[in-house]
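Report on the structure given below.
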There are 2 protein chains.
Amino acid sequence: MSAVSDLASHTGYLLRMVSNAVSQRFARKLAGEDVTVAEWAMLRSLYGSGAIAPSALAEKMGMTKGAISKLADRLHEKGLISRTGNPEDRRGHSLSLSTAGAMKVPLLAGFADDNDAAFFAVLSAEEHERLRDLLRTLIVKNGLSTVPVD
Amino acid sequence: MSAVSDLASHTGYLLRMVSNAVSQRFARKLAGEDVTVAEWAMLRSLYGSGAIAPSALAEKMGMTKGAISKLADRLHEKGLISRTGNPEDRRGHSLSLSTAGAMKVPLLAGFADDNDAAFFAVLSAEEHERLRDLLRTLIVKNGLSTVPVD
DNA sequence: GATGTAAAGTTGACAAGGAAACTTTTCTAT
DNA sequence: ATAGAAAAGTTTCCTTGTCAACTTTACATC
C-alpha cells in the first residue's frame with residue numbers, strides 16, 4: 001500500500017466535515033430567530049453558568065477573548081445578555097443572560113434538540129451516546145474547556 | 001430534572017468545539033508551509049481524485065461552489081494546482097494537482113498524521129477507530145459527500 | 001431556430017474567529 | 001512610593017466560508 005492511501009483516514013478531516021454540516025443545518029433552523037450558531041453557543045453557556053467574566057467564558061467555550069468580546073457585543077445589541085460592572089476590579093465586568101435571553105433559551109434548545117435528532121438519527125442510541133462520550137473525553141483530556149464538560 | 005439540564009449534551013455543540021480545536025492546532029503546524037487547513041483539504045481531495053470539475057469537488061468536499069472557487073484561486077496562485085479548460089463544454093474546466101502540488105502532499109500528509117496522533121493520543125486505538133467509524137457513518141448516511149467516504 | 005430553463009463558475013456582501021497590538025487597571029517587588 | 005509585570009477587554013487586520021446575484025454556455029421544447 002502506498003503512503004497515500006492513508007490519506008483516507010485523517011480523523012481531523014472527517015471531524016471538520018461533519019461539524020461543518022451540523023452547524024450549517026442548525027444555522028438554517030435558527031435563521032428565523034435572528035440568532036446565529038455562535039450566539040446560541042454563548043447563550044447556552046451563560047444559561048449554565050450564571051454571571052461570568054468574559055475571560056472565564058472564553059476558557060469555558062474554548063474561544064479567544066477577542067471572539068467572546070465581539071460575540072458579547074452582538075448579543076448585547078440584540079438585548080439578549082447584560083453586562084454588569086465590577087466595582088472591585090474596574091478592568092473587568094461580568095456577562096449574564098437578560099430576561100429576554102433567558103426566555104429565549106428553551107426555545108432555542110428545542111431547535112438544537114431537533115437538529116441533533118435529525119442529524120444523528122442515522123446512529124443508534126448507543127452509538128450516539130458513544131460519540132458524545134468520545135467527544136467529551138477529547139475535550140477534557142486535551143484541556144479544551146475548563147469546566148468538566150458542560 | 002429541569003428542561004435545562006439537557007442542554008449539556010448537544011452533540012453538535014461538542015462536535016463544534018472539538019473540530020475547531022483540531023483545525024486550529026493543525027493550522028499552526030501548517031503555518032510554516034504556507035498552506036492553510038482548507039488548502040490542505042483540497043490538495044488531499046485532488047490527490048485522491050485526479051482531474052475533477054470544481055462543482056464535483058464541492059460535492060465531494062461538502063462545500064459550496066463559491067468556497068471552492070476561491071480556494072482554487074489561492075492554490076492556483078501558489079502554483080499547487082492547475083486548471084484545464086474543457087473544449088466540449090466551455091462553461092466548465094477541471095482542477096488537478098500541479099507537479100509542485102503533488103510533491104507537497106506527502107509532506108503535508110505527514111503533518112496531518114502528526115496532528116492526528118497528538119490530538120487523539122488521549123484515546124485508545126480502539127476508541128480512535130470507533131470515532132472514525134462513527135464519523136464516516138454520519139458522512140455517508142447523511143449524504144455529506146458523494147464519494148463513499150474518502 | 002427561438003425562447004426558456006438549467007448548469008458551471010465567479011463575485012460581492014456579510015458573519016465568524018484567530019493573532020497580535022493596545023489601553024486601562026491591578027498587583028508585586030523593591 | 002514607584003517601576004515593572006501581569007491581567008482584562010477591546011480593536012484591527014486577516015483568512016475563511018456561506019448566500020445570493022450574476023454571467024456565460026449548453027440543452028430542451030415548441
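Below, read A as the first sequence line, B as the second, and so on, with proteins coming before strands; counting in each chain starts at 1. Source: prediction; values computed, not measured.
Formation of a donor-acceptor pair under 3.5 Å by the Asp116(A) side chain with backbone atoms of Thr11(B) is found in this model. No side-chain donor-acceptor contact under 3.5 Å links Ser94(A) to the backbone of Ala51(A). Ser49(A) places a side-chain N or O within 3.5 Å of a backbone atom of Ser45(A) that can act as its donor or acceptor partner.
As rounded to whole Å, 23 Å separates atom P of dT24(C) from atom CD of Glu88(A). Atom CZ in Phe26(B) sits roughly 16 Å away from atom C1' in dT16(D) (whole-Å rounding). A straight line from CG of Asp34(A) to C1' of dA15(C) spans 13 Å, rounded to a whole angstrom. Computed from coordinates, the Leu75(B) CG to dG17(D) P distance equals 11 Å when rounded to whole Å. We find that CG of Leu30(B) is positioned 17 Å from P of dG18(C), with the value rounded to whole Å. Between Asn86(B) atom CG and dG9(C) atom P there is a gap of 9 Å when expressed in whole angstrom units. Rounded to whole angstrom, the span from the CG atom of Leu71(B) across to the C1' atom of dG17(D) amounts to 10 Å. At whole-Å resolution of the value, CD in Glu59(A) and P in dA7(D) are 12 Å apart.
An OP1 or OP2 oxygen of dT16(D) is reached within less than 4.0 angstrom by no side-chain nitrogen or oxygen of Arg16(A). Neither OP1 nor OP2 of dA8(D) sits under 4.0 Å from any side-chain N or O of Arg83(A). In terms of phosphate contacts, Thr36(B) brings a side-chain nitrogen or oxygen within less than 4.0 Å of OP1 or OP2 of dT16(D). Under 4.0 angstrom from either OP1 or OP2 of dT23(C) there lies no side-chain N or O belonging to Arg91(A). Note on Thr64(A): a side-chain N or O is less than 4.0 Å away from OP1 or OP2 of dG18(C). Proximity of Ser55(A) to the phosphate of dG9(D): a side-chain N or O atom is located under 4.0 Å from OP1 or OP2. For the pair Arg28(A) and dC19(D), the criterion of a side-chain N or O lying under 4.0 Å from OP1 or OP2 is met.
In terms of position along DNA chain C, the nucleotide closest to Ala38(A) lies nearer the 5' end than the nucleotide closest to the other residue of the pair Ala38(A) and Arg90(A). Taking the nucleotide of DNA chain C with the nearest heavy atom to each of Lys65(A) and Gly66(B), the more 5' of the two is matched to Gly66(B). If you find the closest nucleotide of DNA chain D to His93(A) and to Met63(B), the one lying nearer the 5' end belongs to His93(A).
No engagement by Ala27(A) is indicated, since no non-hydrogen atom pair under 4.0 Å with the nucleic acid exists.
Taking the six-membered ring where tryptophan is involved, the planes of Trp40(A) and Phe26(A) are perpendicular, since the angle between them exceeds 60° and thus also 30°.
Put simply, the side chain of Lys70(B) and the base of dG9(C) share no donor and acceptor less than 3.5 Å apart.
Leu107(A) is connected to Val105(A) through a chain of hydrophobic side-chain contacts under 4.5 Å among Ile, Leu, Val, Met, Phe, Trp and Tyr, so both are in one cluster.
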